[in-house]
Amino acid sequence: MNIPFLDKWRRRQPVDPGEGLAAAFEDDPQSVAELLSECELLRSEAERAGLELDDTPASLDALDQLPPTWRDDAELLPWLGNDAGLYLGTVLVRTVRGAAWHVWPGGHPVVRLPSGREIHVVEAGLDWAVNGAPQLAQVYGEAAEG
């Protein structure tokens, strides 16, 4: 069956899903930033532990103090680590003047500081979730200094 508009649509769809995020970021960076800041899993886990995440540096310190019960769940661990990194990025973007989200062509989100330095927040969040180090507040502090 030949459906011309469907063929055009298929050609426009990126092969790599990450390319879709990068393209969406180019088209509407504000909406993508809002999406990245949701961190629903991390927020619900923090709430369950009695912690409200208010997008401040103090909340990063409070997250660092939580008992790492998520490490017992191999399925939850990478998702929580991803959310922790995105939350770290959200706090950076909202509190460090000039910090902004940037999405690489492959779909990898980073926070770009005014100096041009890029913080690989997802990797930092995964390291924190798996190993407890570096602490989220430490990564924030080092980024905010420079």
Distance in Å, Thr69 OG1 paired with Glu45 CD, rounded so as to fall on 0.5 Å steps: 6.5 Å
Apply side chain to side chain contact (heavy atoms under 4.5 Å, CB included) to residues Tyr140 and Asp61 and explain how you reach the verdict. CA-CA 10 Å; Tyr140 174 87; Asp61 191 45; over 6 Å; no
Exam field: side chain Asp64 to backbone Gln135, donor-acceptor pair closer than 3.5 Å: no
Would you please test Leu76 and Leu41 for side chain to side chain contact (heavy atoms under 4.5 Å, CB included) and show each step? CA-CA 9 Å; Leu76 176 69; Leu41 177 62; 3.4 Å; yes
Report yes if the side chains of Glu47 and Glu52 come closer than 4.5 Å at any heavy-atom pair, otherwise no. no
Side chains of Arg43 and Tyr87: closer than 4.5 Å at any heavy-atom pair? yes
Side chains of Pro109 and Val121, heavy atoms from C-beta outward: is any pair under 4.5 Å? no
So how far is it from Leu136 CG to Leu92 CG, rounded to the nearest 0.5 Å? 10.0 Å
Got Trp128 and Val139 here, is their nearest side-chain heavy-atom distance under 4.5 Å? no
Please report the shortest heavy-atom distance between Leu36 and Cys39, naming the atom on each side. O-SG, 3.5 Å
Are Glu123 and His108 linked by a side-chain donor-acceptor pair shorter than 3.5 Å? yes
Mind checking whether Trp101 and Thr90 have side chains closer than 4.5 Å, heavy atoms only? yes
Taking all heavy atoms of Ala22 and all of Pro105, pick out the closest pair and write down the distance. CB-O, 3.6 Å
Within this structure, what is the CG-OG distance for the pair Asp54 and Ser59, rounded to the nearest 0.5 Å? 5.0 Å
Is there a donor in the side chain of Thr56 and an acceptor in the side chain of Arg94, or the other way round, less than 3.5 Å apart? no
Side chain to side chain contact (heavy atoms under 4.5 Å, CB included) for Ser44 and Glu40? Distances and angles first, verdict last. CA-CA 6 Å; Ser44 68; Glu40 190 174 322; 5.5 Å; no
Measuring from atom CG of Leu21 to atom CD of Glu26, what distance do you get when rounded to the nearest 0.5 angstrom? 10.5 Å
Give the C-alpha distance, both sets of side-chain angles, the deciding distance and a yes or no for side chain to side chain contact (heavy atoms under 4.5 Å, CB included) between Val122 and Val110. CA-CA 8 Å; Val122 172; Val110 297; over 6 Å; no
Between the main-chain N or O of Glu75 and the side-chain N or O of Asp73, is there a donor-acceptor pair closer than 3.5 Å? yes
Within-4.5 Å side-chain heavy-atom neighbours: Pro134 and Asp127: yes
I need the Arg71 CZ to Leu80 CG distance, nearest 0.5 Å. 10.0 Å
Would you indicate whether the side-chain heavy atoms of His102 and Val111 approach each other to under 4.5 Å? no
Transitive ILVMFWY side-chain link Leu35 to Leu88, under 4.5 Å: no
Give the minimum heavy-atom separation between Ala99 and Leu113, together with the two atoms involved. CB-CD2, 4.0 Å
Nearest-0.5 Å distance that lies between atom CG in Leu77 and atom CG in Leu126: 8.0 Å
Within-4.5 Å side-chain heavy-atom neighbours: Pro57 and Thr95: yes
